[in-house]
Amino acid sequence: GTGVRIAGWKTRDTLMTASYKLCDLPTLAGSSPEPSEWMEITQKRVNRFAAATNDFQFIHVDPDKAAKTPFGGTIAHGFLTQALLPFLLSETTWSFEDAAMSINYGSDKVRFVRPVRVGERVRARQTMLEASEKSPGHWLVKWLVTVEIENHKNPALVAEYLEMAKGHDGRDLVAQL
């Protein structure tokens, strides 16, 4: 279908096996799309995030000083990992033919479990926990999201990620927020 992709805006063609309608959302609870592709966390990305947030703590931006810490080198900001969720989740998703748009609605129960060292690769896995129609054509979707670190048992982040989806026939989305 040509509809909006819930939990993102694109998907790999190999994952597009079915198209759904928003009313199908509750039946997908407990289901998980494929994980995203791996993404390397570079020092350049960490430095740019530090500049954007004015968080220049040495464990993020000073490789020499950070090498003397228990981390053994620079680490990504926890909020950088969280900020990557929209992109990582856009890597895999389902298509909804009657959706006009989907927006990030926030997060619940965010936990930064393990730091991500610069040079490590991360990916996101998601499982739909629930979907409820808040008003005609407006669906609140809750996902359990885990950001995995390649070759590590413990994840970087675990969160409940929320999004609001609007059908073509729904009223103004902003008025519902």
Side-chain angles (χ1 to χ4, degrees), residues 4-12 15 20 22 24-50 52-55 57-61 66 69-96 99 102-134 138-165 177:
V4 170
R5 304 198 192 322
I6 304 301
W9 54 271
K10 64 180 180 176
T11 189
R12 294 174 288 202
L15 298 177
Y20 300 98
L22 289 173
D24 297 325
L25 279 166
T27 69
L28 296 170
S31 299
S32 301
E34 293 293 316
S36 69
E37 297 289 332
W38 290 105
M39 170 190 230
E40 182 178 353
I41 301 301
T42 64
Q43 188 63 57
K44 181 178 179 180
R45 182 178 299 276
V46 171
N47 291 347
R48 288 170 59 189
F49 190 82
T53 60
N54 288 319
D55 183 352
Q57 187 175 6
F58 77 92
I59 59 172
H60 304 303
V61 298
T69 70
F71 302 120
T74 50
I75 60 171
H77 305 73
F79 285 117
L80 169 56
T81 305
Q82 186 176 5
L84 290 172
L85 286 178
F87 172 75
L88 291 171
L89 297 177
S90 76
E91 289 288 299
T92 178
T93 188
W94 298 306
S95 178
F96 292 82
S102 171
I103 63 169
N104 175 349
Y105 199 63
S107 297
D108 289 339
K109 301 179 185 176
V110 178
R111 298 293 179 263
F112 302 112
V113 180
R114 184 187 179 284
V116 179
R117 289 198 45 197
V118 167
E120 291 182 319
R121 296 189 334 154
V122 298
R123 72 177 178 185
R125 285 190 182 273
Q126 59 186 342
T127 300
M128 183 189 290
L129 295 177
E130 63 185 33
S132 57
E133 191 171 26
K134 293 302 184 184
H138 292 90
W139 290 82
L140 179 62
V141 183
K142 182 184 284 191
W143 298 91
L144 175 63
V145 177
T146 303
V147 176
E148 301 173 332
I149 306 170
E150 191 174 36
N151 300 318
H152 288 281
K153 178 182 170 186
N154 291 330
L157 174 147
V158 177
E160 290 181 359
Y161 181 80
L162 307 173
E163 71 180 312
M164 184 70 75
L177 302 179

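All values below come from the heavy atoms of this structure, side chains included, with hydrogens, waters and symmetry mates left out.
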Taking every non-hydrogen atom, the tightest pair across Phe112 and Gly78:
CE2-O, 2.9 Å
Tell me if a side-chain donor or acceptor on Ser36 pairs with a main-chain N or O of Ala124 at a distance below 3.5 Å.
yes
Taking atom CG of Leu162 and atom CE of Met164, what is their separation to the nearest 0.5 Å?
9.0 Å
Would you name the heavy atoms of Ala131 and Pro26 that are closest together and state the gap between them?
O-CG, 3.9 Å
Is there a donor-acceptor pair closer than 3.5 Å between any side-chain N or O of His77 and the backbone N or O of Asp55?
yes
Compare every heavy atom of Leu22 with every heavy atom of Ala165, then report the nearest pair and how far apart it is.
CB-CD2, 4.1 Å
Side-chain heavy atoms of Leu144 within contact of Val158, under 4.5 Å
yes
What distance separates Lys134 NZ from Trp139 CH2, expressed to the nearest 0.5 Å?
10.5 Å
Taking the side chain as everything from C-beta on, heavy atoms only, tell me whether Leu89 gets closer than 4.5 Å to Val145.
yes
Short question: side chain of Arg125, backbone of Glu148 - any donor-acceptor pair under 3.5 Å?
no
Here the gap from Gln126 atom CD to Ser31 atom OG, rounded to the nearest 0.5 Å, amounts to 11.0 Å
Closest non-hydrogen atom pair, Pro155 against Val113
O-CB, 3.2 Å
For Val46 against Ala76, the heavy-atom pair lying closest together:
CG2-CA, 3.9 Å
Between the CG atom in Leu25 and the CD atom in Glu133, the distance rounded to the nearest 0.5 Å is 9.5 Å
Say whether, by atom type as modelled, one donor and one acceptor occur between the side chain of Thr69 and the main chain of Phe71 under 3.5 angstrom.
yes
Candidates Arg123, Arg121, Arg45 - the one meeting side-chain contact (heavy atoms from CB on, under 4.5 Å) with Met39:
Arg45
Are the side chains of Leu80 and His60 in contact, using a 4.5 Å heavy-atom criterion?
no
Could you tell me the separation between the CD atom of Glu120 and the CD1 atom of Ile41, rounded to the nearest 0.5 Å?
9.0 Å
Going by heavy atoms in the side chains, are Phe79 and Thr53 under 4.5 Å from each other?
no
If you define the side chain from C-beta out and look only at heavy atoms, does anything of Asn104 sit under 4.5 Å from Glu163?
no
Looking at CD of Gln43 and CZ of Arg48, how far apart are the two atoms once the value is rounded to the nearest 0.5 Å?
12.5 Å
On a heavy-atom basis, the closest approach of Arg114 and Ile149 is NH1-CD1, 3.3 Å
